[in-house]
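Report on one structure; see the data block that follows.
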Number of protein chains: 2
Amino acid sequence: MGRTGSARSGEILAAALDLFTRLGYEATTMADIGTAVGVRGPSLYRHVASKQDILAQIMTRTMEELLAAHRSALAGLAGTAQDDPVERLRRATEAHVRYHARHRREAFVGNREIRSLVAPGRARVLALRADYERCFRDLIETGIQAGRFDVTSAQLASYAILDLGMGVAVWFREETSPDEDAVVWQYGQFALRLVGAH
Amino acid sequence: MGRTGSARSGEILAAALDLFTRLGYEATTMADIGTAVGVRGPSLYRHVASKQDILAQIMTRTMEELLAAHRSALAGLAGTAQDDPVERLRRATEAHVRYHARHRREAFVGNREIRSLVAPGRARVLALRADYERCFRDLIETGIQAGRFDVTSAQLASYAILDLGMGVAVWFREETSPDEDAVVWQYGQFALRLVGAH
DNA sequence: GCAGGCAGCTAATGGTCGTTAGCGAAATCC
DNA sequence: GGATTTCGCTAACGACCATTAGCTGCCTGC
């Protein structure tokens, strides 16, 4: 449960992430995860507290990383000449899409398995997600008030932009998809068009 | 397995749809479904072949309805004065979003539980989905060639538009969300902006 | 070289679940 | 009104699964 687990527990989280992505949380067994790291199922309990705890660690870490990526994308902008609502939304969307392309398994599991996450972890992840959504909504509302965006509902627009990222995590494949940078640029463009930026 | 089941089997499909949406396919038990229709788990087998068959019926029917909605949305347009790529994409997107708002549980399950669908049903649903995706891609490619859309990758744009609909199925609630017509109109607008329609 | 703990194993526990078997009552058909 | 089908029930089977108990070998510190 410690913040920095052993090397083995890192391997286990990685293997579990892969299996959760392909089979889903409910359908993957501890024995599956064990096999993936070259060990029998029960041996996993030397390194992790429970199957549920594996999921909780994956999901909270993912949401924290996503929020960190968002903040760091906007941090470099504060005080510079291009610090306006349009540029801020572009950067935020690009960071969003880049995370979903680069960490598609984390994002995929993070979004699809909330149903399987129980009591304390679930509330934590939902709170982080609500924070993240509010960041985008605020960005868009600010842009509307500054007269730079032309859209009636900041709520709908932010849902739309966030959902675009989720979609990327579903279909993006490192081998066969367009270049990550191309996707990131295109989706940043999509977001600005969507809110009618000018 | 018959195309037109008894009244009871309709109830069962409806109850299963609700439970699959809330708990997921793996997490709902036959006993859960039974309780929802006022019957014990084993009694369900008088009306359905298996749990897996329930899922298969829900998913194939959903994809067929979605394709039918798409075709009927475009059918009324052929030969009229407004039959151009922009209007066609608007209609297709509006039908897409309307279906996802009005049948959010069907669309939600249809998209999230493909992993749980096995051999024959899975291929069938994936084929229908591929057909549906191709409809949108073709619509966008035609618009690009006609010089009405300004977008480099029809592939990316169609993914983006389709994903917007999926998003609607996730957050839309009849009671608390904006009016269905408002969402449909707004998302149609989003799609046209996204491809740079003019 | 040896004591202790780290990290694996097998076996077992307790529970759940999809599905089948077999029975009985009520409705339906002729 | 008797025979048959329909549809429910309980009991049981067989499989699987997360987790725990208890054992063993190996590496490490001294």
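Each chain gets a letter, A, B and so on, in the order its sequence line appears, and its residues count up from 1.
Among residue pairs with one or both ends in residues 174-183 of chain B, those qualifying as salt bridge (Lys or Arg N to Asp or Glu O under 4.0 Å) are R98(B)-E180(B), R98(B)-D181(B), R102(B)-E180(B); sequence neighbours excluded.
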Revision key, fill the gap. Protein-proximity profile, nucleotides 14-24 of chain C, B/S/- by nucleotide at the 4.0 Å heavy-atom cutoff, equals ---SSBB-BB-
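The existence of a salt bridge linking R124(A) and E64(A) is confirmed by a sub-4.0 Å separation between a basic side-chain nitrogen and an acidic carboxylate oxygen. Ion pairing between a basic and an acidic side chain is recognised when a charged N comes within 4.0 Å of a carboxylate O; R8(A) and E11(A) show such pairing. A salt bridge links E87(A) to R90(A): at least one charged side-chain nitrogen sits closer than 4.0 Å to a carboxylate oxygen.
For the helix from dG1(C)-dC30(D) to dC30(C)-dG1(D), the rotation axes defined at the first and last 5 base pairs enclose an angle of 20°, given to the nearest 10°.
Using modelled atom types, one side-chain atom of R104(A) and one backbone atom of F172(A) make a donor-acceptor pair closer than 3.5 Å. In this structure, D32(B) contributes its side chain and T29(B) its backbone to a donor-acceptor pair below 3.5 Å.
Remark: R40(A) is in phosphate contact with dT10(C), judged by side-chain N or O atoms under 4.0 Å from OP1 or OP2. An OP1 or OP2 oxygen of dC7(D) is reached within less than 4.0 angstrom by no side-chain nitrogen or oxygen of S43(B). At the phosphate of dG8(C), OP1 or OP2 sits under 4.0 Å from a side-chain N or O atom of H47(A).
Judged by distance alone, the side chains of Y25(A) and Q52(A) do bring a donor and an acceptor atom under 3.5 Å apart.
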